[in-house]
Amino acid sequence: IQLTQSPSLLSASVGDRVTLSCKGSQNINNYLAWYQQKLGEAPKLLIYKTNSLQTGIPSRFSGSGSGTDYTLTISSLHSEDLATYYCYQYNNGWTFGGGTKLELK
Amino acid sequence: QVQLKESGPGLVQPSQTLSLTCTVSGFSLMDYSVHWVRQPPGKGLEWMGRMKYDGDTYYNSALKSRLSISRDTSKSQVFLKMNSLQTEDTAIYYCTRGGAYWGQGTLVTVSS
């Protein structure tokens, strides 16, 4: 399964509502996770099984979707959220999307 | 607490074999699967392969011919071996348990 993330680069301001997209080449059956990666750090798990928030992750992060189309939403952008975000499917093998870099406008 | 740590040579010559070790603590390799993921400098993440808790392995089809993952449960270690290395294999190599726990990563540079 291939994953396509859009946009590849997103400019936003602190306080904005931000939506990132991830589209699979076939049905992912909700086995979709989202990761945040800051420069020089290992990826951090934010969301698993489409919409389950990992322990310790702020509630401004949420996930949704079904079938082939999934979304990560940040309800109100904080400066510490500037990072690259990856979706990851584990329904059929394991695959990462190409990433969305979130930068400050 | 759960910890993973990668170790191995920082520099490998082209055409040679890469050997990495992931040493884990805080859990048993017979209870949890461990995956290997790599990231070339400035690029995205690539899933490489998995050592399942029952000893089964599964590889990225693009790397399968060059990659081998094994383990020593008594030492709490998972091993990655990849042959015929090229410059494009230069990357940070991570091991991870379930995607929730990650090692710090180890940079491997392929260069003569």
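These figures come from a predicted structure and were not determined experimentally. Here is how names work: the chains are called A, B, and so on, in the same order as the sequence lines, proteins then strands, and each is numbered from 1.
- Neither the backbone nor the side chain of Y90(A) comes within less than 4.5 Å of any heavy atom of chain B.
- In this structure a side-chain-to-backbone donor-acceptor pair under 3.5 Å is present from Y35(A) to G99(B).
- If you chain together hydrophobic residues whose side chains sit under 4.5 Å apart, W102(B) and V108(B) never meet in one group.
- Counting non-hydrogen atoms of neighbouring residues, nucleotides and ligands closer than 6.0 angstrom, the NZ atom of K43(B) reaches no more than 12 such neighbours.
- In the hydrophobic clustering of this structure, V12(B) does not group with L107(B); members are Ile, Leu, Val, Met, Phe, Trp, Tyr whose side-chain heavy atoms approach within less than 4.5 Å, directly or through other members.
- A ring-centre distance under 6.0 Å is found for Y58(B) and W94(A).
- Around atom CD of Q26(A), more than 12 heavy atoms belonging to other residues, nucleotides or ligands sit under 6.0 Å away.
- Looking at Q37(A), the atoms closer than 4.5 Å to chain B (heavy atoms on both sides) all sit in the side chain, from C-beta outward.
- Shortest non-hydrogen contact noted between A42(A) and G103(B) is CB-O, 3.7 Å.
- Neither the backbone nor the side chain of A33(A) comes within contact range of chain B, judged by heavy atoms closer than 4.5 Å.
- In the hydrophobic cluster analysis, where Ile, Leu, Val, Met, Phe, Trp and Tyr join through side-chain heavy atoms closer than 4.5 angstrom, L20(B) is grouped together with Y101(B).
- When all heavy atoms are compared, the tightest approach of Y86(A) to L45(B) is CD1-CD1, 3.6 Å.
- Of all heavy-atom pairs spanning Y88(A) and W47(B), the tightest one is OH-CD1, 3.9 Å.
- Taking a 6.0 Å sphere around CZ of F27(B), one finds it holds more than 12 heavy atoms contributed by other residues, nucleotides or ligands.
- Under a cut-off of 6.0 angstrom, the local environment of OH in Y59(B) is crowded, with over 12 non-hydrogen atoms contributed by other residues, nucleotides or ligands.
- The 12-atom threshold is not exceeded at OH of Y53(B), counting heavy atoms of other residues, nucleotides or ligands nearer than 6.0 Å.
- The contact list for residues 49-60 of chain A toward chain B, using heavy atoms and a distance under 4.5 Å, reads Q54(A) by residue number.
- Of the atoms belonging to Q39(B), it is side-chain heavy atoms, and not backbone ones, that fall under 4.5 Å from chain A.
- Y48(A) and V2(B) are not part of a single hydrophobic cluster, where members link through side-chain heavy atoms under 4.5 Å apart.
- Linking Ile, Leu, Val, Met, Phe, Trp and Tyr residues whenever their side-chain heavy atoms come within less than 4.5 Å places L3(A) and L46(A) in a single cluster.
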